[in-house]
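In what follows, a structure is listed as structure tokens, so that the remarks can point back to it.
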Amino acid sequence: MSTIIERPGTQTPEGLNCVFEKPRAMSDKPFHYCPGCSHGTYHRLVGEMIDEFDLMSRTVGVCPVGCAVFAYEYFEFDMVEASHGRAPAVATGVKRCLPDRFVFTYQGDGDLASIGMAETIHAAARGENITVFFVNNGIFGMTGGQMAPTSLIGQKTTTSQAGRDPMLTGQPIKVCELLSSLDGVAYLARVPLSSPKNIKTCRKYMRNAVRCQLEGKGFALVEALSPCPVQWGMTPGDAIDYIDEKVVKVFPPGEFINKLND
Amino acid sequence: MQAKRRLVKGNEAIALGAVAGGCDAFFGYPITPQNEVPEILSSEMPRHGRVFLQAESEVASINMVYGAAAAGLRAMTSSSSPGISLMMEGMSYIAGAELPCLVVNVMRGGPGLGSIAASQADYFQAVKGGGHGDYRCIVLAPWNVEEMYAFPGIAFDMADRYRNPAMILADGVLGQMMEPACIPSEPPAASHPEKPWAANGRNGRSHKNVANSLVIDPHELRDHNRKLQAKYQQMQAECKWDTRLADDAEIIVVAYGITARIAFSACKLARKRGIKAGLFRPITLYPFPAKPLLETAANAKSLLVVELSSGQMVEDVRLTINGKQPVAFYGEMGGVIPSPAEVCERIVEAAQ
Ligand SMILES: Cc1ncc(C[n+]2csc(CCOP(=O)(O)OP(=O)(O)O)c2C)c(N)n1
Ligand code: SF4
């Protein structure tokens with residue numbers, strides 16, 4: 001596939017004005033994500049951050065195991081593919097050895113809050129100077145829609161077929177609230193990826209999270225509440241409505257910690 | 001720097017050997033009987049401007065090693081049996097992604113929580129892969145404190161050359177015992193080969209580097225596996241071994257690590273009783289020194305394998321000897337260490 005990439009403000013060979021472009025940090029590889037999934041949106045926002053802060057030459061990204069397992073195909077900077085849940089430990093290994101690199105992880109909620117919870121909490125507690133881009137879609141997308149620790153009460157998944165029962169599996173884990181008690185955390189924010197306005201807010205939060213690392217403040221995490229229409233059994237539109245009506249009630253958006261000006 | 005002869009503990013030697021071998025980063029979680037390794041490195045590494053971090057678990061340790069190795073640095077961890085079990089997924093990823101690193105296992109008794117006494121019951125786990133998938137680690141088995149000091153550097157060099165994890169397989173006795181050894185007070189300059197494949201930020205490089213073990217296409221994964229297997233074949237040329245009193249031996253005793261020390265004493269006792277016994281000591285457990293063993297045992301009447309296990313390396317010895325001579329086995333389990341006299345009795349039995 002050949003693509004001509006133009007910069008905004010320039011003209012294409014056909015004389016058309018370029019008003020929107022793919023970030024330079026992203027490759028030409030088409031996303032494999034389902035229709036209505038926001039992994040693609042979040043990837044793009046990551047790419048924008050790398051461009052905006054001119055980090056391409058010194059970025060090492062760490063991909064998760066989950067639907068974003070192929071993230072390294074979509075970016076043009078160096079990456080490490082971690083095992084399920086261990087991205088914060090892998091990122092710690094890179095960052096401790098190469099402190100002048102920009103090191104981030106990109107993780108789903110199964111990866112970050114289930115199998116990898118220990119690595120998440122300890123990286124945060126150490127104030128590890130890394131940035132975590134966290135996709136919370138309340139389900140295990142990749143393996144076929146099983147219950148996640150973040151699934152809502154009553155949510156039907158392939159392993160909670162009658163709906164999540166709190167007597168059996170407890171209440172959803174709220175990662176931002178959980179990490180808020182740790183002194184090593186420099187930045188924590190949550191935002192639903194449910195509208196252009198919210199995506200702009202997400203961009204703002206991500207900018208803060210990147211700055212935290214560049215300014216050596218410590219652990220930064222942005223949680224994006226995301227739809228998984230396929231495993232939720234909804235249309236993309238309904239999935240967005242579900243986030244705005246149901247998910248945000250359990251996972252309230254906003255900035256939890258911001259030590260940028262400390 | 002003049003190396004003075006002094007009393008050195010095995011674990012101390014591993015730690016100082018890692019520094020001398022050019023280790024850039026150490027990540028580990030405490031477990032007996034290897035605790036002196038992280039304890040010493042917690043001050044030695046920063047003193048040399050290198051990285052030391054106590055991880056939250058062995059799972060985290062090995063994944064920190066993975067990250068540091070992917071970024072092109074000489075990274076290591078150290079643990080003992082239960083902790084090594086926790087690292088198996090990570091080691092499989094590191095082998096799959098073809099990254100060099102060093103893992104030290106100061107073996108203790110198992111299964112389960114077992115004991116903190118010396119054991120050699122992790123041989124299978126070390127030399128047959130251990131984690132999932134078709135992969136192998138380079139495995140080095142020291143038998144004294146001087147080798148505990150020398151092997152980290154050798155292991156790092158081999159790991160770099162093959163882009164493969166290397167392991168030092170020691171045991172609780174080797175870790176805890178002290179003996180005189182010559183260890184320089186300041187480490188020599190270690191070699192650091194170029195790593196053009198490292199995922200360390202593009203910094204002008206024309207292409208991106210990705211450290212990865214995911215190969216979704218079955219044909220591509222088959223080809224990747226074939227490449228790994230070819231690499232393991234190539235490693236065979238690197239096998240290392242040691243023989244003592246073996247030239248005229250009628251019985252060859254095969255043992256590694258601390259057991260080889262006991263077996264060597266036993267061979268000398270047996271010779272006093274008129275039995276020509278000699279020692280064959282594999283130094284690389286993987287690649288296993290099969291050809292040298294065959295050659296050493298060519299004129300022997302029989303072999304005896306001695307291990308601190310129920311019989312693990314003996315399988316590789318029997319595969320090598322392939323029925324040419326009888327191969328007897330003597331093993332002790334659970335941290336029980338046989339005396340040279342006990343091993344000598346087995347030599348006498350096996351020689352009959
Ligand atoms: C050790 C291990 N256990 C289980 C799996 C299977 N697995 C792959 S992805 C996944 C869950 C992914 O869910 P999440 O992190 O929420 O990401 P999503 O797919 O929803 O983006 C699981 C359980 C694995 N690859 N490795
Ligand atoms: S399964 Fe869900 S998370 Fe995975 S790509 Fe599809 S919509 Fe996205």
Side-chain angles (χ1 to χ4, degrees), chain A residues 24-27 29 32 50 55-66 68-103 105 115-126 128 130, chain B residues 23-27 29 45 50-77 86-94 96-97 99 101 131-132 197-216:
Chain A
R24 273 160 304 187
M26 308 208 70
S27 72
K29 183 106 179 166
H32 69 277
I50 304 303
L55 294 169
M56 179 85 144
S57 65
R58 58 183 180 109
T59 293
V60 181
V62 184
C63 341
V65 175
V69 71
F70 286 118
Y72 58 83
E73 300 255 11
Y74 306 129
F75 295 110
E76 285 296 338
F77 42 77
D78 285 0
M79 294 202 84
V80 184
E81 168 55 52
S83 60
H84 193 25
R86 315 305 170 201
V90 174
T92 298
V94 178
K95 186 73 184 181
R96 291 278 172 146
C97 292
L98 304 173
D100 62 340
R101 305 307 198 275
F102 177 72
V103 182
T105 72
I115 192 167
M117 186 56 110
E119 284 74 12
T120 304
I121 288 182
H122 284 277
R126 285 192 303 266
E128 210 62 63
I130 59 171
Chain B
C23 178
D24 298 303
F26 178 94
F27 306 95
Y29 187 81
M45 294 294 275
R50 307 184 196 173
V51 174
F52 171 88
L53 184 63
Q54 179 167 328
E56 61 270 31
S57 69
E58 290 85 353
V59 175
S61 310
I62 193 70
N63 283 286
M64 290 172 183
V65 167
Y66 176 42
L73 289 106
R74 281 197 162 175
M76 78 176 277
T77 184
L86 275 178
M87 294 186 192
M88 283 299 132
E89 183 200 29
M91 291 190 63
S92 172
Y93 272 66
I94 293 170
L99 298 175
C101 73
H132 59 286
W197 44 262
N200 54 0
R202 280 178 61 171
N203 193 20
R205 200 188 321 112
S206 62
H207 58 278
K208 67 178 169 190
N209 282 340
V210 178
N212 179 29
S213 62
L214 173 63
V215 189
I216 204 80

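Lettering of chains follows the sequences in order, A, B, ..., and the numbering in each one begins at 1.
Side-chain atoms of A/Met56 and A/Glu76, non-hydrogen and from C-beta on, do get closer than 4.5 Å to each other. B/Tyr66 has its side chain within reach of B/Leu99: a pair of non-hydrogen atoms, C-beta onward, lies under 4.5 Å apart.
Contact of A/Arg86 with chain B is made through backbone and side chain together, with heavy-atom distances under 4.5 Å. The contact between A/Ser83 and chain B is made by backbone and side chain atoms together, counting heavy-atom distances below 4.5 Å. Only the side chain of B/Ala70 has a heavy atom closer than 4.5 Å to any heavy atom of chain A. For A/Val60, the part sitting under 4.5 Å from any heavy atom of chain B is the side chain, from C-beta outward, and nothing else. Neither the backbone nor the side chain of B/Ala75 comes within contact range of chain A, judged by heavy atoms closer than 4.5 Å. No part of B/Ile62 comes within reach of chain A, as not one of its non-hydrogen atoms sits under 4.5 angstrom from that chain. Looking at B/Asn209, both its backbone and its side chain come within 4.5 Å of chain A, counting heavy atoms on both sides.
Of the residues listed (B/His207, B/Arg202, B/Arg205), the one engaging A/Asp78 in a side-chain hydrogen bond (donor to acceptor under 3.5 Å, both in side chains) is B/Arg205, and it is the only one.
Taking the six-membered ring wherever Trp is involved, the centroid distance between the rings of B/Tyr93 and A/His84 does not fall below 6.0 Å.
Here B/Asn200 is the residue among B/Asn200, B/Leu73, B/Asn203, B/Leu214 with the most heavy-atom pairs under 4.5 Å with chain A. For the set B/Ile216, B/Val59, B/Asp24, the entry with the most heavy-atom pairs within less than 4.5 Å of chain A is B/Val59. Residue with the most contacts toward chain A among B/Leu53, B/Val65, B/Val51: B/Leu53 (heavy-atom pairs, distance under 4.5 Å). For the set B/Gly201, B/Gly204, B/Ser213, the count of heavy-atom pairs under 4.5 angstrom toward chain A peaks at B/Gly201. With chain B as partner, the option from A/Glu81, A/Arg126, A/Lys95 having the largest number of non-hydrogen pairs under 4.5 angstrom is A/Glu81.
Side chain of B/Ser92 to main chain of B/Met88: no donor-acceptor pair is present (N/O by atom type, distance under 3.5 Å, no hydrogens or angles). Side chain of B/Lys208 to main chain of A/Tyr72: a donor-acceptor pair is present (N/O by atom type, distance under 3.5 Å, no hydrogens or angles).
For B/Phe52, the CZ atom is densely surrounded, since the number of other residues' heavy atoms within 6.0 Å is greater than 12.
The aromatic rings of A/Tyr74 and A/His32 sit parallel, their planes meeting at an angle under 30°, below the 60° perpendicular limit.
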